[in-house]
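Below: one structure, written as structure tokens.
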Amino acid sequence: MAADEDLSVALGQQVLDQLMQTYAVAGCGDYALAVLPGQAVDDDMVQNGVVNPLLVSEWLRADYDFPLLLRLSDCTPIPAALGSGISASAIYTLIAQYGCPAAAPDSDCAARVRDLLNAANQGLGPNPGGLPLSLEPDDWAAPSGAGHWQTFDTIVTASDTARPATPETPRAEVNAGLWQLRSEHWAQALPDTPRSTLLAQDADRADTLRAALASRAAEPLAPSEVVNAQEHAALSRTAIPLMPSLRPVPVDAEPDSEPAPGPTANTLTGGGELHVHFQHALVRMLRRFSGLPWWHPELIADPGWYLPGMRRGQLVPDPPENGTAHCLPQALLLVRDVHITGSWTTEAHAALGAAMPSFGPFLLQPGSAASLAADGGLGTTTVLGLGTQVIGILGTPMPALPPVDDPGRPPPPQYVPFPGAEWFKSAPRSPVITAMGRRLVEEHCSAYKEAPGPQWTQADHDSFAMWQRKLGYRGTDADGIPGPASWKALRISDGT
């Protein structure tokens with residue numbers, strides 16, 4: 001590893017250490033913190049010195065109200081089809097309105113579930129389609145909320161790069177690929193969909209499911225109504241593995257062989273030293289109406305209910321492999337007042353002048369380095385962060401929803417299990433390849449010039465790469481060789 005890379009990783013390690021020390025508090029439960037590339041907070045959140053609650057609610061509902069599929073060993077979000085593709089608020093509304101006890105009507109279990117469903121339904125208020133979200137403390141962005149922010153300020157030098165972790169103070173190791181300078185913020189290539197459009201799409205999908213539930217005909221919605229990760233701003237913001245976890249859920253599996261994609265590193269900082277300053281705060285997401293909580297986690301955790309016409313996991317599916325979970329966002333990690341001073345290479349200066357540069361998880365102001373003079377002729381330059389940013393989401397694992405099948409439904413279809421990546425590399429000939437090709441054609445991921453056949457060919461390879469890209473994978477992660485997550489998401493029927 002080059003010296004400048006060592007310096008960047010040492011900086012990332014110090015950031016990680018302080019955040020873990022600050023927010024990994026005792027008794028916080030099974031939480032996982034995924035660090036994201038910076039997402040700028042709109043300036044209009046604060047009006048006349050006061051945080052506007054309506055704008056905050058709309059922002060949270062559009063960007064941070066969706067279950068996030070995480071690999072728990074390193075809190076790396078995995079791009080994959082996520083059930084119905086609707087928000088957690090819409091999922092909860094459907095459960096409260098249409099949930100049914102799975103046990104015998106006169107049983108204690110059924111009575112408990114009825115009480116939970118009645119309480120949830122009463123808490124929805126007059127407008128279940130627009131349930132409010134808020135943040136605590138509510139003055140986090142206003143001048144009066146300055147006391148909620150803590151300061152990180154350090155100078156990292158070459159001597160810090162060799163600092164070992166001692167057994168007495170075990171540390172989670174950062175991902176070295178994150179702490180590099182990039183010439184363009186990776187998410188900029190995603191479509192900039194207005195929040196009003198995202199909320200309307202969410203409402204349309206919820207209405208479609210609501211009609212299906214009312215007619216007990218929800219099955220046709222799976223998988224035809226599945227939304228892939230690139231369709232929603234919240235789901236498409238793939239995190240980079242900075243933090244392994246914050247009080248992680250125990251896992252007993254190695255990370256999947258098909259990791260989540262990250263941005264391609266273009267340029268590194270120069271050597272010498274880095275002076276980094278920023279403020280950080282953790283703000284809790286609240287799901288309340290008229291001061292009372294409308295989200296009841298005990299209902300979500302209860303295994304004794306079903307939804308008419310739906311199978312288990314049709315809203316929030318089981319994780320695609322061991323060691324992963326769908327997590328409900330519970331808090332946002334914010335940073336502001338970011339200043340990074342260092343001796344930058346010529347290549348780095350060119351990257352800093354790009355349309356949307358970033359360093360680690362921090363989104364930078366375009367051109368901020370060029371506008372600041374060198375410090376005392378020493379060749380050092382300061383770059384600035386882009387306002388207030390969300391760089392992380394704290395979440396809790398969710399169970400499969402609904403927890404059980406509608407007892408009136410026939411048995412669920414069976415899908416071909418993942419045969420292993422090496423099987424595909426051996427150019428197999430099998431009916432499974434034909435079935436896979438037909439599913440890829442149905443998903444509009446076809447490079448076939450003829451109908452799919454049993455022999456694995458370049459057309460199968462290219463078509464599966466298109467499917468991986470549709471799910472959000474990039475680079476070598478979309479190499480056309482199936483992995484367990486992308487294979488499971490394709491749902492290839494075994495014909496039984």
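Residues Leu94 and Ile86 are in side-chain contact: their nearest non-hydrogen atoms beyond the backbone lie under 4.5 Å apart. Within the 4.5 Å cutoff, the side chain of Pro329 has heavy atoms near those of the Met285 side chain. Looking only at side-chain heavy atoms (C-beta outward), Tyr415 and Leu490 stay at 4.5 Å or farther from each other. In this structure, Ile481 and His461 have side chains that are in contact, with non-hydrogen atoms separated by less than 4.5 Å. The side-chain heavy atoms of Tyr98 and Arg210, taken from C-beta on, include a pair separated by under 4.5 Å. Here the side chains of Val41 and Trp140 are in contact, with some heavy-atom distance below 4.5 Å. Side-chain contact between Leu135 and Trp59 is present, with heavy atoms from C-beta onward closer than 4.5 Å. For the pair Leu133/Arg287, a side-chain contact is recorded, criterion being any heavy-atom separation below 4.5 Å from C-beta on.
In terms of heavy atoms, Pro132 sits closest to Ser57 at CA-OG, 3.5 Å. When every heavy atom of Ala96 is checked against every heavy atom of Asn121, the shortest pair comes out as O-ND2, 3.3 Å. In this structure, Pro101 and Arg114 approach most closely via the heavy-atom pair CG-CG, 3.6 Å. Nearest heavy-atom pair, Val404 versus Ala102, reported as atom, atom and distance to 0.1 Å: CG2-CB, 4.0 Å. Of all heavy-atom pairs between Thr434 and Pro454, the closest is OG1-N, 3.0 Å. Of all non-hydrogen atoms in Pro402 and Leu307, the two that sit nearest each other are CG-CD1, 3.8 Å.
Counting heavy atoms of neighbouring residues, nucleotides and ligands inside a 6.0 Å radius, atom CD of Gln458 exceeds 12 of them. Enclosure of atom CG in Asn127 by more than 12 non-hydrogen atoms of other residues, nucleotides or ligands within 6.0 angstrom is indicated.
Annotation: the span from Leu68 atom CG to Leu394 atom CG amounts to 11.5 Å, rounded to 0.5 Å. Distance check, rounded to the nearest 0.5 Å: OG of Ser463 to CE of Met436 gives 7.0 Å. In this structure, OG1 in Thr388 is found 12.0 Å from CG in Leu363, a value given to the nearest 0.5 Å.
Partners of Arg288 according to the salt bridge (charged side-chain N to carboxylate O under 4.0 Å, His left out) rule, which considers only residues two or more places apart in sequence or in another chain, do not exist here. Applying the ring pair (Phe, Tyr, Trp, His ring centres under 6.0 Å) test to Phe424 and every residue at least two apart in sequence or in another chain returns Trp456, Trp487.
Here Tyr92 and Trp295 bring their ring centres to under 6.0 angstrom of each other.
Using a distance-only test at 3.5 Å, with no hydrogens or angles considered, a donor-acceptor pair links the side chain of Thr22 to the main chain of Gln18.
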- Item | Derivation of the salt bridge (Lys or Arg N to Asp or Glu O under 4.0 Å) call for Arg61 and Glu58 | CA-CA 5 Å; Arg61 286 176 56 213; Glu58 182 182 76; over 6 Å; no

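Side-chain contact annotation: Asp479 with Thr476, donor-acceptor N/O pair under 3.5 Å absent.
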